[in-house]
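Heads up, the thing below is written out as structure tokens.
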There are 2 protein chains.
Amino acid sequence: MNTHSATAADGRSPATVASPDRRARPHGKPAVGRDRVLASAARLFVEQGYAATTTRQISAAVGIKQPSLYYHFPNKAAILVELLVATAEPSMLAARDMLADRDRSPLDRLIELIDFDVRLLASGPWNIGSLYLLPETAAPECVRFRELRSELAAAYETLVSAAIAAGEANVESGPRTAALLFSLVEGVILRRNDASDIDAEQIARDIQQAAIRVLGATPGRDRA
Amino acid sequence: MNTHSATAADGRSPATVASPDRRARPHGKPAVGRDRVLASAARLFVEQGYAATTTRQISAAVGIKQPSLYYHFPNKAAILVELLVATAEPSMLAARDMLADRDRSPLDRLIELIDFDVRLLASGPWNIGSLYLLPETAAPECVRFRELRSELAAAYETLVSAAIAAGEANVESGPRTAALLFSLVEGVILRRNDASDIDAEQIARDIQQAAIRVLGATPGRDRA
DNA sequence: GTCTATATTTAGATAGAC
DNA sequence: GTCTATCTAAATATAGAC
């Protein structure tokens with residue numbers, strides 16, 4: 001699985017959200033209080049946005065009364081922040097892995113990172129990535145999230161530049177190409193907003209090929 | 001200006017928003033009541049989102065009292081709807097033009113449409129396209145906007161398919177490629193959210209080249 | 001960990017004068 | 001076309017019992 005066409009099936013697979021603070025429950029199933037709040041809030045925030053979602057709606061979805069939410073979270077914003085961080089963290093960790101894995105070619109690692117991100121955004125029951133698009137992410141409480149995302153964007157830039165230096169990519173500008181690839185990946189969020197029934201595998205393949213073409217990369221052994 | 005590298009400098013240039021119902025003011029300047037409301041609301045909706053923006057904020061930005069808004073609009077939602085339609089309509093009209101202009105090659109017309117949309121999204125004082133990303137666009141009141149956007153997406157699909165049929169593009173699937181190009185274009189909105197100081201011309205060039213590469217188009221006379 | 005009861009604030013919208 | 005005054009509803013959050 002050291003090629004970018006592998007489905008990135010390592011430890012952190014693009015799975016469910018939530019539980020960033022406590023370690024994953026040993027027998028990961030029942031989803032206790034706090035996690036059920038996060039799951040319900042995720043769905044509502046995605047469908048209605050943050051400001052339009054009331055704490056009563058969240059509590060109703062969980063099956064508890066509104067004030068009970070404040071046992072789990074200090075306020076409404078804390079729920080959003082935890083969702084944002086939990087969603088962005090896997091990508092950032094994958095990016096760190098790719099930056100550290102200096103045995104493989106930059107292009108290979110860039111493509112694998114893109115693949116990981118696309119699958120993360122394209123899978124899961126709700127379009128969780130659309131949380132990134134909420135205007136509220138600009139609030140001070142969401143700094144941590146924005147830092148994670150900046151680190152991810154920086155990794156894209158580093159890998160694109162390295163690919164250029166290695167003669168694997170043929171583009172005018174590294175930073176601009178990295179930004180374009182980044183928006184190409186996050187464009188999955190937009191596509192999922194339009195058509196909720198997307199095929200994650202298909203999208204991942206399409207974007208991988210598009211990325212390779214945008215980079216002007218010479219088709220390698222297992223690249224079409 | 002019959003080539004896609006022209007800046008689409010026809011009647012409907014990607015200019016300011018507003019005034020969809022009444023014809024553009026003869027000497028387009030003072031921006032009277034209603035238009036000032038739209039302009040202020042646009043800025044606030046873009047920065048804070050719809051639900052988080054209060055009618056009092058809008059009125060304060062205009063310099064009037066909150067109830068005075070209801071002379072111009074029946075309710076808050078109507079302001080958003082008018083902004084959405086006014087923003088999306090130019091793209092739809094450009095799409096219709098490109099579909100009708102059967103003298104030129106499909107690829108040329110597709111590229112020009114992409115260029116038009118990118119410039120529209122990349123220019124203007126605020127990231128007006130981010131209105132598209134608001135969760136409230138899913139509300140019933142915004143049907144007209146969603147129809148406009150569907151028609152635009154359909155035009156992309158038609159032009160991509162025609163380009164394939166004409167042997168100008170080398171891709172697996174027309175519809176999937178069209179959707180990918182569409183999200184590539186709207187990705188401009190995401191880039192502008194991250195870096196507010198973007199160079200519209202540069203972005204337009206970058207996305208044009210990226211689109212050509214994604215399409216697997218053979219570089220023509222004035223395409224790099 | 002969840003409840004009832006409630007405080008506090010603020011939202012969108014209307015009535016009617018000028 | 002804008003104002004003052006105000007209604008009504010609903011929001012987040014707290015206090016404290018169980």
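Scope of the values below: all heavy atoms of this structure, side chains included, with no hydrogens, waters or symmetry mates. Within every chain, numbering begins at 1; the chains are lettered A, B, ... in the order of the sequence lines, protein sequences first and strands thereafter.
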Rounded to whole Å, please give me the gap between [atom1] in [X] and [atom2] in [N].
{"X": "A:Ile79", "N": "D:dA13", "atom1": "CD1", "atom2": "C1'", "value": "12 Å"}
{"X": "B:Glu136", "N": "C:dA11", "atom1": "CD", "atom2": "C1'", "value": "15 Å"}
{"X": "A:Gln57", "N": "D:dA10", "atom1": "CD", "atom2": "C1'", "value": "12 Å"}
{"X": "A:Leu69", "N": "D:dA13", "atom1": "CG", "atom2": "C1'", "value": "11 Å"}

Subject >> Evaluation steps, side-chain contact (heavy atoms from CB on, under 4.5 Å), between B:Leu131 and B:Tyr50 >> reply: CA-CA 8 Å; B:Leu131 297 181; B:Tyr50 173 79; over 6 Å; no
Original post:
For B:Ser68, which contact category applies under a 4.0 Å heavy-atom criterion: base, sugar-phosphate, or nothing?
Top reply: base
Original post:
Which part of the nucleic acid does B:Thr53 contact within heavy-atom distance under 4.0 Å: base, sugar-phosphate only, or nothing?
Top reply: sugar-phosphate
**OP:** Check the pair B:Tyr132 / A:Leu190 against side-chain contact (heavy atoms from CB on, under 4.5 Å), numbers first and verdict last.
**Re:** CA-CA 10 Å; B:Tyr132 296 178; A:Leu190 307 183; over 6 Å; no
**OP:** Could you encode protein contacts along nucleotides 13-18 of chain C as a string, one character per nucleotide from 5' to 3', using B for base contact, S for sugar-phosphate-only contact and - for no contact, with a heavy-atom cut-off of under 4.0 Å?
**Re:** BB----
Subject >> Set of residues satisfying side chain to side chain donor-acceptor pair (under 3.5 Å) with respect to A:Asp199, sequence neighbours excluded >> reply: none
Original post:
Taking only residues two or more places apart in sequence or in another chain, which ones pass side chain to side chain donor-acceptor pair (under 3.5 Å) with A:Thr53?
Top reply: A:Gln48
Original post:
Considering residues at least two apart in sequence or located in another chain, which fulfil the salt bridge (charged side-chain N to carboxylate O under 4.0 Å, His left out) criterion with A:Arg146?
Top reply: none
Subject >> Residue A:Tyr71, side-chain heavy atoms: nucleotide from D:dC3, D:dG1, C:dG1 that is nearest >> reply: C:dG1
**OP:** State which of D:dC3, D:dT2, C:dC3 makes the closest approach to the side chain of B:His72.
**Re:** D:dT2
Subject >> Axis deviation across the helix from C:dG1-D:dC18 to C:dC18-D:dG1, five-pair ends, to the nearest 10° >> reply: 10°
**OP:** Would you please classify the geometry between the A:Phe182 ring and the A:Tyr156 ring as parallel, tilted or perpendicular, with 30° and 60° separating the classes?
**Re:** perpendicular
Subject >> Pairing residues for B:Tyr71 by the side chain to side chain contact (heavy atoms under 4.5 Å, CB included) criterion, not counting sequence neighbours >> reply: none
Original post:
If only atom types and distance count, is the side chain of B:Arg56 paired as donor or acceptor with the main-chain N or O of B:Gln66 below 3.5 Å?
Top reply: no
